[in-house]
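One structure is given below, encoded as structure tokens.
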Amino acid sequence: QVQLVESGGGLVQPGGSLRLSCLASGSISSFHTMGWYRQASGQQRELVATITSSGSSNYADSVQGRFTISRDNAENTVYLQMNSLKPEDTAVYYCYGRQWIYNTGYWGQGTQVTVSS
């Protein structure tokens, strides 16, 4: 039974930084792809960043150059380092993982990120 638990969200001023963490209740090696999505109030959930088991990463154009996704297999954790935050980044951020076996997908509960003065 896989669970993904996010942490690290909060209130930050524009230009500030936050690091989100996603802790898996098992080895993240069981996931071929992990990533982060976000959903602003009243909006569709959108892809932010993904990382594969081989280390290949992909970013939405809106966060390219500002956000960095990484994975630490020893800690069973995926991170999202968010720098130069903008008010437009305000959203609930969700951790996502898709397992090799049966291509099963999992979602975390979400963590709120608010960028405001």
Side-chain angles (χ1 to χ4, degrees):
Q1 288 84 302
V2 175
Q3 291 182 309
L4 302 174
V5 181
E6 301 100 329
S7 62
L11 175 64
V12 64
Q13 292 185 336
S17 298
L18 285 173
R19 189 181 75 162
L20 305 183
S21 299
C22 174
L23 176 65
S25 60
S27 175
I28 62 171
S29 295
S30 70
F31 298 96
H32 62 76
T33 303
M34 300 194 74
W36 293 89
Y37 288 71
R38 67 186 182 188
Q39 187 168 20
S41 181
Q43 302 298 123
Q44 294 279 328
R45 189 173 298 186
E46 65 178 0
L47 174 69
V48 176
T50 60
I51 187 166
T52 68
S53 59
S54 66
S56 178
S57 59
N58 186 45
Y59 299 91
D61 289 343
S62 59
V63 307
Q64 181 70 50
R66 300 188 297 120
F67 291 11
T68 303
I69 188 170
S70 61
R71 58 193 293 167
D72 187 333
N73 289 357
E75 298 295 331
N76 295 318
T77 301
V78 175
Y79 301 97
L80 184 68
Q81 179 67 45
M82 304 186 295
N83 298 326
S84 302
L85 283 162
K86 305 175 180 179
E88 305 90 86
D89 296 318
T90 296
V92 177
Y93 284 71
Y94 296 90
C95 183
Y96 170 82
R98 188 167 290 276
Q99 290 187 317
W100 293 102
I101 186 169
Y102 305 127
N103 205 32
T104 304
Y106 295 89
W107 292 96
Q109 83 287 351
T111 185
Q112 177 71 48
V113 172
T114 302
V115 185
S116 177
S117 298

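All heavy atoms count here, side chains included; hydrogens, waters and symmetry mates do not.
Looking at V2 and T104, their side chains never come closer than 4.5 Å, going by heavy atoms from C-beta outward. Contact check for Y94 versus Q39: side-chain heavy atoms found under the 4.5 Å cut-off. Using a 4.5 Å heavy-atom cutoff, the side chains of L20 and M82 are in contact. At a threshold of 4.5 Å between non-hydrogen side-chain atoms, the residues N103 and H32 count as touching. Using a 4.5 Å heavy-atom cutoff, the side chains of V12 and S17 are not in contact.
Considering all non-hydrogen atoms of both residues, N76 and S27 come closest at OD1-CA, 3.1 Å. In terms of heavy-atom proximity, S117 sits nearest to P14 at OG-CD, 3.5 Å.
Interatomic distance, OG1 of T68 versus CZ of R19, reported as 12.0 Å (0.5 Å rounding). Put simply, OH on Y59 and CH2 on W36 are 12.5 Å apart, with the number rounded to the nearest 0.5 Å. The structure places CZ of F67 at 9.0 Å from CG of L18, a figure rounded to the nearest 0.5 Å. One finds the CZ atom of R71 at 6.5 Å from the OG atom of S29 (value rounded to the nearest 0.5 Å). Atom-to-atom distance recorded for E88:CD and S62:OG is 9.5 Å, nearest 0.5 angstrom. Note: L85 CG to Q13 CD = 11.5 Å, rounded to the nearest 0.5 Å.
Side-chain contact of S54 with T52: a donor-acceptor pair under 3.5 Å is present, judged by distance alone.
In the hydrophobic cluster analysis, where Ile, Leu, Val, Met, Phe, Trp and Tyr join through side-chain heavy atoms closer than 4.5 angstrom, I51 is grouped together with Y106. Residues V113 and I69 fall within the same hydrophobic cluster, defined by Ile, Leu, Val, Met, Phe, Trp and Tyr side chains chained together at heavy-atom separations under 4.5 Å.
Within a 6.0 Å radius of CD in Q112, more than 12 heavy atoms belonging to other residues, nucleotides or ligands are found.
Note: W107 and Y96 have tilted aromatic rings, judged against thresholds of 30 and 60 degrees for the angle between ring planes.
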